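Since we're looking at a predicted model, the values are computed, not measured.
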Amino acid sequence: MKKVIITVVGKDSVGIIARVCTFLAENKLNILDISQTIVDGFFNMMMIVDFTAADKEFVKLSGKLESIGEEIGCVIRVQREEIFDKMHRL
């Protein structure tokens with residue numbers, strides 16, 4: 001299984017989760033775990049997503065997610081699990 005880590009950060013507004021999750025479903029990306037919180041009006045979400053069934057390349061999908069982030073006023077970052085793990089090793 002190929003996993004990716006998706007983070008979404010920005011001012012809270014209606015539809016952030018819906019927009020991101022709709023994109024994931026349309027591209028056959030299954031959400032394995034999700035955590036979200038709102039602190040003082042700022043939205044923060046972290047997702048672990050199964051990338052195995054994706055029908056498009058990682059670079060194309062991550063670029064589109066970043067574009068969606070711009071449209072909804074958030075910063076969306078997508079990282080492969082192995083890169084994320086290496087960056088956060090103690």
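- Rounding to the nearest 0.5 Å gives a distance of 11.0 Å between CG of D50 and CD1 of I31.
- If you take CZ on F23 and OG on S67, they are separated by 9.0 Å, rounding to the nearest 0.5 Å.
- Closest approach of T52 to K2, counting heavy atoms only: OG1-N, 3.2 Å.
- Within the model, atoms CZ of R19 and CD1 of I68 stand 5.0 Å from one another, a figure rounded to the nearest 0.5 Å.
- Residues I72 and V9 do not share a hydrophobic cluster, clusters being chains of Ile/Leu/Val/Met/Phe/Trp/Tyr side chains in contact below 4.5 Å.
- In the hydrophobic clustering of ILVMFWY residues, with side-chain heavy atoms under 4.5 Å counting as a link, V75 and M46 come out apart.
- Every residue meeting the side chain to side chain contact (heavy atoms under 4.5 Å, CB included) condition with T37, not counting sequence neighbours, appears here in chain and number order: V39, N44.
- At distances below 3.5 Å, not a single donor-acceptor pair connects side-chain atoms of N27 with backbone N or O atoms of L29.
- Within the 4.5 Å cutoff, no side-chain heavy atoms of I76 are placed close to those of T7.
- Between M47 and L24 there is a side-chain heavy-atom pair separated by less than 4.5 Å.
- Remark: E71 CD is packed, more than 12 non-hydrogen atoms of other residues, nucleotides or ligands lying under 6.0 Å away.
- Taken together through direct or relayed side-chain contacts under 4.5 Å among Ile, Leu, Val, Met, Phe, Trp and Tyr, I6 and F42 form parts of separate hydrophobic clusters.
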Could you walk me through whether L61 and V78 pass the side-chain contact (heavy atoms from CB on, under 4.5 Å) check?
CA-CA 9 Å; L61 290 172; V78 184; over 6 Å; no
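- When all heavy atoms of C74 and G10 are compared, the pair lying nearest together is SG-CA, 4.0 Å.
- Listed here is the closest heavy atom pair of F51 and F58: CZ-CA, 3.4 Å.
- Here the closest heavy-atom approach between residue Q36 and residue F43 is recorded as OE1-CE1, 3.2 Å.
- Put simply, NZ on K60 and CG on L65 are 13.0 Å apart, with the number rounded to the nearest 0.5 Å.
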